[in-house]
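Below: one structure, written as structure tokens.
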Amino acid sequence: MAVRFGVLGCSSVARRRSIPALVSHPDATLAAVASRDPEKAKAFAAEFGCDAAGYDELLTRDDIDAVYVPLPTALHVPWGLKVLAAGKHLLLEKPSATSAAGARELVRAATEQDLVLRENFTFLHHPQHATVARLLAEGRLGQLRSFSAAFCFPPLPAADIRYDAALGGGSLLDAGVYPIRAAQLLLGDDLTVVGSSLRVDGRTGVDVAGHALLVSAAGVLVDVKFGFEHTYGSSYTLWGSTARLTLDKAFTPAATWQPVLRIEEQDHTEEFVLATGHQFLGAVASFTAAVLAGRGAGHAEEAAGLRSMVRTMELVEDVVRLANRLPA
Ligand SMILES: NC(=O)c1ccc[n+]([C@@H]2O[C@H](COP(=O)([O-])OP(=O)(O)OC[C@H]3O[C@@H](n4cnc5c(N)ncnc54)[C@H](OP(=O)(O)O)[C@@H]3O)[C@@H](O)[C@H]2O)c1
């Protein structure tokens, strides 16, 4: 039996990435999409061959098992809690919340209801990072000394939700969470933020760029950069005592992209061309597998992922608390 999905919000990422992946997966079907605007919902529904609904109406439907929520970030917790209260599994866009307390509230609700809760960090489902983790564990880089990661892209249209502080805008919540989550993935959740800067736009009040310095429990030095006032870049570098590994397009590779992993040593450089990966499809596959296996939020593996989700928000809060604020 396939997992029957509903979608709250006719959003850009839903249309371009998530729904095409969802409708192409054999374990998922799309029952309905909801919008604040009935005409928009109808047009979206016609595009994907499903029903149109309003947000609250969608949550009352008994032919929906799981709801995908690609709403502006500040709406993730209120609507996520409504989805869980309606007894439906929740695939929630990243970041899960605008605060660690909000992320904890979602985990509590999903655990109480024994429902699957996933934050849709699709890069976690690209196999390229498992290759990196294996090389690291095998000692290919010697002793790891530092991890640097960045996710930056050009300015967005002025009306974009990312420039609206009340909707949870800003480059830290939108882009900065990627390099932070990548540090958690490769170095563990036990990271400490030791300093940060945020470039804040005086007109909108949101940060449009920033960086943060962190340190891992093992003493690995971490630096992350993020922003939307740059040319596009998404990459990370792990620098060890004997070699340095760089992965480009680390967070948003197209499904057709063949990742190139570069290892530089004292006397030579190697490049490995890795297999392509469809990370949006991977995220849908992983979510539906958890639902079909009956793995609620209390299941050991689900709970581990949710601890990382909450930890991301704790680290984000520390970046904000310690930030040196500069006018952008
Ligand atoms: N996983 C990824 O790779 C990825 C990529 C991009 C974005 N995202 C995340 O996905 C979420 C949505 O991003 P997006 O770029 O798709 O945004 P978007 O195109 O602006 O979509 C947000 C949707 O939320 C609904 N909405 C409800 N209340 C709203 C309000 N007060 N103002 C504006 N929209 C409102 C709207 O749908 P209706 O008008 O139909 O109600 C709107 O289409 C964000 O949390 C973002 O971080 C994730």
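Every number for a ligand or one of its atoms is a count from 1 in the order of the listing.
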So is [X] polar-close to ligand 1, meaning N/O to N/O under 3.5 Å?
X: Arg36; result: yes
X: Thr73; result: yes
X: Leu71; result: yes

CA sep, side-chain torsions, deciding dist, call: Arg104, Glu314, salt bridge (charged side-chain N to carboxylate O under 4.0 Å, His left out): CA-CA 10 Å; Arg104 285 189 207 102; Glu314 291 170 346; 2.9 Å; yes
Can you tell me how far the [atom1] atom of [X] sits from the [atom2] atom of [Y], to the nearest 0.5 Å?
X: Arg325; Y: Ser196; atom1: CZ; atom2: OG; answer: 8.0 Å
X: His76; Y: Thr98; atom1: NE2; atom2: OG1; answer: 10.0 Å
X: Lys82; Y: Lys88; atom1: NZ; atom2: NZ; answer: 14.5 Å
X: Leu322; Y: Leu198; atom1: CG; atom2: CG; answer: 10.0 Å

Can you get from Trp239 to Leu245 by hopping between Ile, Leu, Val, Met, Phe, Trp and Tyr side chains that sit under 4.5 Å apart?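 The answer is no; the residues belong to distinct hydrophobic clusters.
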Counting heavy atoms not belonging to Glu229, are there more than 12 under 6.0 Å from its CD?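 Yes, CD of Glu229 has more than 12 neighbouring heavy atoms, counting only those of other groups under 6.0 Å.
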Just wondering, more than 12 heavy atoms not from Asp62 lying within 6.0 Å of its CG?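 Count not over threshold, so no.
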Answer with side chain, backbone, both or neither: which part of [X] has a heavy atom less than 4.0 angstrom from an atom of ligand 1?
X: Phe280; result: side chain
X: Leu75; result: side chain
X: Trp79; result: neither
X: Leu167; result: side chain

Suppose we measure from [atom] to each protein heavy atom; which comes out shortest, and what is that distance?
atom: atom 19 (O) of ligand 1; value: Ser12 N, 2.8 Å
atom: atom 46 (C) of ligand 1; value: Lys94 O, 3.7 Å
atom: atom 21 (O) of ligand 1; value: Ser11 CB, 2.9 Å
atom: atom 17 (O) of ligand 1; value: Ile161 CD1, 3.3 Å
atom: atom 10 (O) of ligand 1; value: Glu93 CG, 3.2 Å
atom: atom 27 (C) of ligand 1; value: Tyr55 OH, 3.2 Å
atom: atom 24 (O) of ligand 1; value: Pro72 CD, 3.1 Å
atom: atom 2 (C) of ligand 1; value: Tyr178 OH, 3.5 Å

Which of the atoms in ligand 1, numbered in the order shown and given with their element, are less than 4.0 Å from a heavy-atom of [X]?
X: Asn120; result: 1 (N)
X: Cys10; result: 37 (O), 38 (P), 40 (O), 43 (O)
X: Val13; result: 4 (C), 5 (C), 6 (C), 7 (C), 8 (N), 10 (O), 16 (O)
X: Ser35; result: 38 (P), 39 (O), 40 (O), 41 (O)
X: Pro70; result: 11 (C), 12 (C), 22 (C), 23 (C)
X: Asp174; result: 47 (O)
X: Arg162; result: 6 (C), 7 (C), 13 (O), 14 (P), 15 (O)
X: Lys40; result: 37 (O), 38 (P), 39 (O), 40 (O), 43 (O)

I would like to know whether Thr122 and Gln279 meet side chain to side chain donor-acceptor pair (under 3.5 Å); could you show each step before the answer? CA-CA 5 Å; Thr122 60; Gln279 60 191 42; 3.1 Å; yes
Under 4.0 angstrom from ligand 1, any heavy atom of [X]?
X: Tyr68; answer: no
X: Phe123; answer: no
X: His76; answer: yes

Full working for ring-ring contact (aromatic ring centres under 6.0 Å, His included) between Phe228 and Phe153: CA-CA 5 Å; Phe228 22 77; Phe153 44 85; 5.6 Å; yes
Could you walk me through whether His125 and Phe287 pass the ring-ring contact (aromatic ring centres under 6.0 Å, His included) check? CA-CA 11 Å; His125 301 278; Phe287 178 83; over 10 Å; no
Side chains of Tyr68 and Ser18: donor-acceptor distance under 3.5 Å anywhere?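 Per modelled atom types, Tyr68 and Ser18 side chains form a pair under 3.5 Å.
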Identify which one of Thr246, Asp223, Thr237 satisfies the side-chain hydrogen bond (donor to acceptor under 3.5 Å, both in side chains) criterion when paired with Ser148.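 Of Thr246, Asp223, Thr237, side-chain hydrogen bond (donor to acceptor under 3.5 Å, both in side chains) with Ser148 is met by Asp223 alone.
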Leu261 side chain reached by Leu135 side chain, heavy atoms, under 4.5 Å: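 Yes, their side chains come closer than 4.5 Å.
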Over all heavy atoms of both residues, which pair between Ser96 and Ala103 is shortest? Give the atoms and the distance, please.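 Answer, listing the atom of Ser96 first, then Ala103: OG-CB, 3.6 Å.
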